[in-house]
Amino acid sequence: MAEVLVYVDHVDGAVRKPTLELLTLARRLGDPVALALGPGAENTASALAEHGAVKVLTADAAEFADYLVVPKVDALQAAYEAVSPAAVLLPSSAEAKEIAARLAVRIGSGIITDAVDLEAGEAGPVATQSVFAAAFSTRTRVSKGTPVITVKPNSAPVEAAPAAGAVEALSVSFSAKATGTKVVSRTARESTGRPELTEAAIVVSGGRGVNGAENFAVIEALADSLGAAVGASRAAVDAGWYPHSSQVGQTGKSVSPQLYIASGISGAIQHRAGMQTSKTIVAINKDAEAPIFDLVDYGVVGDLFEVVPQLTDEIKTRKG
């Protein structure tokens, strides 16, 4: 069976959920071979093997941490040349998409970004994408070279499928451009204790109807009762009510959770573009004519300051 190269997103050896989802998709296409880079790379092996990786390639060097992107592209290219895979899969993060694009240029291959599903086809992997603000779905395949595909988080389940997971050190020769852009400092992002927005299974978002930064406590309380991430519309972010890092939409982050709850959000096309692929959408808005109700699975016409606290209390009661 053909091998499929999977780029591993991890933090000091802790594998992030989107990579485990990639392994589920990779198994549809062939035998997954994982590439883990940087500090803790070898510590990823057990989790990757548990979820189907037949082999884990690892490499660690100061360049991966001290310089931007290019050293990782060099390593991915080295892995590609060592494996000769049927496809290369990466998570659809900002960094991974840049790595994917640079690799595709180097190896002369086509690239597909933000896939939401993958299946094997007679002429190669077929990817499903949501396009034009998720108004259409397309089925796409690469017609030249080895497909390089990035996949959005929450596009596949995490499934255990124990495999060998043999660890092999990868030899990487860095290109002259690898040290062209140096990282001079890092500031750790303050933890909220909530899931990462783009990876969360549940997202609760607030919009213009929240009417103030202090009122986002209502949204946060509902999110915390569900173990959810907190999002915000562009209107709320532009007003300074919530950080830009939590913006959902065309100019913010794209999410695809199992459950998306929109509170006080009208549903402008800019916002819909970032959340319309959510599996189940619930909207709470006092305007019965709000565009958001055109795409929801469940809608509540009412004042969010009455509805959301009641919902939060009910969830807490049911959870005991």
Side-chain angles (χ1 to χ4, degrees), residues 17 130 133-134 152-155 157-158 190-250 252-320:
K17 181 170 170 278
S130 293
K152 293 179 67 173
N154 294 314
S155 294
V158 174
E190 184 177 348
S191 174
T192 64
R194 302 186 182 99
E196 167 65 30
L197 181 59
T198 57
E199 301 175 15
I202 304 174
V203 174
V204 180
S205 287
R208 192 188 303 274
V210 176
N211 199 31
E214 67 282 1
N215 295 330
F216 256 87
V218 175
I219 305 300
E220 292 176 332
L222 176 57
D224 291 342
S225 72
L226 292 166
V230 176
S233 70
R234 178 173 177 173
V237 169
D238 285 350
W241 300 343
Y242 222 67
H244 183 270
S245 59
S246 296
Q247 181 183 332
V248 174
Q250 194 167 23
K253 293 181 177 178
S254 178
V255 300
S256 187
Q258 296 297 315
L259 172 63
Y260 187 87
I261 301 177
S263 300
I265 296 175
S266 65
I269 190 66
Q270 196 277 344
H271 186 75
R272 293 167 64 146
M275 46 67 73
Q276 198 162 340
T277 57
S278 303
K279 309 304 183 292
T280 301
I281 302 172
V282 177
I284 302 167
N285 200 300
K286 63 183 178 182
D287 179 6
E289 302 300 320
I292 193 73
F293 288 124
D294 293 338
L295 74 150
V296 301
D297 297 285
Y298 303 96
V300 179
V301 178
D303 187 337
L304 74 87
F305 295 107
E306 296 178 2
V307 176
V308 173
Q310 290 182 57
L311 178 57
T312 303
D313 290 342
E314 180 64 22
I315 291 168
K316 290 180 177 178
T317 299
R318 294 196 180 194
K319 292 175 70 174

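D297 places no side-chain N or O within 3.5 Å of a backbone atom of V282 that could act as its donor or acceptor partner.
Shortest non-hydrogen contact noted between Q258 and K279 is O-CB, 3.4 Å. The nearest pair of heavy atoms linking A213 to G240 is CB-O, 4.4 Å. Between S225 and K316, the closest heavy-atom pair is CB-CG, 4.2 Å. Scanning both residues, P257 and N154, for their nearest heavy atoms gives CA-ND2, 3.9 Å.
A 4.5 Å side-chain heavy-atom check between L226 and I261 finds at least one atom pair inside the cut-off. Under the 4.5 Å side-chain criterion, counting only non-hydrogen atoms from C-beta, I315 is in contact with L222. The shortest distance between side-chain heavy atoms of L295 and I281 falls below 4.5 Å. At least one side-chain heavy atom of Q270 sits less than 4.5 Å from a side-chain heavy atom of Q247. Side-chain atoms of S205 and M275, non-hydrogen and from C-beta on, never get closer than 4.5 Å to each other. Counting heavy atoms from C-beta on, the side chains of T280 and Y298 come closer than 4.5 Å. Side-chain contact between V230 and Y242: present, with at least one pair of heavy atoms (C-beta onward) separated by less than 4.5 Å. Looking at heavy atoms from C-beta onward, N215 lies out of side-chain contact with W241 at the 4.5 angstrom threshold.
Between the side chains of S246 and K253, no donor-acceptor pair is found at a separation under 3.5 Å.
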